[in-house]
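Structure first, then comments.
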Amino acid sequence: MKKIAIMTSGGDAPGMNACIRALVRYGIYREYKVYGIERGYAGMISGDIFQMYPRSVSDIIQRGGTILKTARSLEFKEASVRAEAIENLRCRDIDNLIVIGGDGSFRGALTLHDEFGINVIGIPGTIDNDLGYTDLTLGFDTAVNTVLSAINNLRDTNAAHERVSIVEVMGRNCGDIALYSGLAGGCEYVLVPEIQTDFREVAQKVILSAKRGKTSNMIVFAEGAGNKQELIDTIKEATGKTPTVTTLGHIQRGGAPSMVDRVLAAKFATHAIDLLRKGEGAKAVGIKDYKIFSMDLDKALEVKKVVDAELYKMTQQLSL
Ligand code: ADP
């Protein structure tokens with residue numbers, strides 16, 4: 001019987017469990033033996049690998065996090081350590097690997113393909129949505145919905161107190177969480193790492209919107225969008241109002257996955273197993289214009305993530 005190992009790696013994201021469930025069940029349906037590797041590449045090195053069954057993934061579809069756990073393993077970047085790790089697959093006759101993770105996890109998988117001929121499939125799983133080749137990564141939709149729920153609450157109190165409010169969201173290099181939650185949350189300003197913004201412009205907008213009769217303002221600030229204190233000071237100086245700051249932090253990582261992430265998990269998983277059935281190796285699964293597709297893993301890693309300029313413009317046009 002052919003065998004597949006699956007793992008989650010890098011940052012966790014809601015929907016990873018739904019994807020593990022789908023991989024195990026569809027893998028078994030397609031007559032594979034499915035193995036789980038714990039804590040990503042760290043578990044591959046230490047040999048924490050066990051067979052999974054349909055009941056191993058009961059009651060996890062609705063849970064955030066990952067039952068396989070996840071980790072970052074610096075060691076795995078060393079070729080000699082990878083050679084040891086691969087023995088833990090070889091001794092179990094496993095030559096297929098599906099990795100749910102981000103850019104770094106995909107790079108790790110690619111080395112296993114190039115150096116040892118393992119068939120590897122990458123499933124994009126990260127709340128940041130920072131992989132350029134796919135429109136969506138697992139977990140992004142849920143994270144944005146979590147931010148939106150916070151924004152809804154903040155809007156109530158903002159309106160009551162006529163406040164200027166800053167919501168700090170995750171996104172060191174990629175501003176998608178800020179962009180999508182800012183647009184969907186009807187926020188006045190969205191600050192993302194990819195677009196340099198003069199904070200004085202933001203302050204002027206607050207003043208202008210007050211003249212237009214707007215009594216509260218909500219600014220979504222991605223953590224990599226610049227110096228937060230400078231933004232606070234600039235607004236305070238120009239408007240006389242001290243903005244309140246809400247940092248959402250790791251709340252954005254957890255929670256029950258949304259319908260979008262659960263369906264995406266099922267589609268990514270079945271597509272990944274079908275690629276292995278066809279004997280494909282080194283592919284990345286993604287979604288483009290609502291269609292699931294796959295492409296060579298090395299090519300996928302070369303696609304640069306760009307911010308959606310149209311969407312960014314929309315946030316400005318809709319916040320008069
Ligand atoms: P993400 O997958 O979310 O981007 P990381 O960048 O932390 O997370 O990568 C996860 C793990 O993948 C790393 O801890 C490391 O074990 C492995 N990895 C990352 N880059 C490489 C690489 N260039 N070669 C081999 N392994 C890598």
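Both counts, for ligands and for their atoms, begin at 1 and track the order of listing. Index from 1, following the sequence.
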Of all protein heavy atoms, the one nearest atom 8 (O) of ligand 1 is Gly10 CA, 3.4 Å
Under 3.5 Å donor-acceptor, Asn129 side chain and Asp135 backbone: yes
Within-cut-off N or O pair, Ser73 and ligand 1, under 3.5 Å: yes
Checking the N or O distance criterion of under 3.5 Å, is ligand 1 in contact with Gly102? yes
Given Ala79, Ala42, Gly108, which one has a non-hydrogen atom that is nearest to atom 25 (C) of ligand 1? Gly108
Determine, step by step, whether Ile151 and Ser181 satisfy the side chain to side chain contact (heavy atoms under 4.5 Å, CB included) criterion, reporting the C-alpha distance in whole Å, the side-chain angles of both residues, the deciding distance to 0.1 Å, and the verdict. CA-CA 8 Å; Ile151 286 176; Ser181 60; 4.2 Å; yes
Ligand 1 N/O within reach of Gly104 N/O, cut-off under 3.5 Å: yes
Does a side-chain heavy-atom distance below 4.5 Å link Leu23 with Ile98? yes
Heavy-atom side-chain contact between Met52 and Tyr35 under 4.5 Å: no
Under 4.0 angstrom from ligand 1, any heavy atom of Thr126? no
Element-labelled atoms of ligand 1 that are located less than 4.0 Å from some non-hydrogen atom of Gly11: 3 (O)
Give me the nearest non-hydrogen protein atom to atom 5 (P) of ligand 1 as residue plus atom name, then the distance to 0.1 Å. Arg72 NE, 3.8 Å
Which residue and heavy atom of the protein sit nearest atom 2 (O) of ligand 1, plus the separation: Ser105 OG, 2.4 Å
With heavy-atom distances below 4.5 Å as the criterion, would you say the side chains of Asp103 and Asp130 are in contact? no
What I want to know is whether Thr111 and ligand 1 share at least one N or O pair that is separated by under 3.5 angstrom. no
Any N or O on Arg82 sitting closer than 3.5 Å to an N or O of ligand 1? no
Pairing of Lys2 and Glu31 as salt bridge, 4.0 angstrom limit: no
Any idea which atoms of ligand 1 are less than 4.0 Å away from a heavy-atom of Ser9? 10 (C), 11 (C)
The closest protein heavy-atom partner of atom 23 (N) of ligand 1 is Arg107 CB, 3.8 Å
Does Asp261 reach the main-chain N or O of Gly15 with its side chain, forming a donor-acceptor pair under 3.5 Å? no
Quick check against the 3.5 Å criterion: does Thr197 have a side-chain atom that pairs as donor or acceptor with the backbone of Phe199? no
Under 4.5 Å between side-chain heavy atoms, hopping through other hydrophobics if needed: is there a path connecting Ile121 to Leu89? no
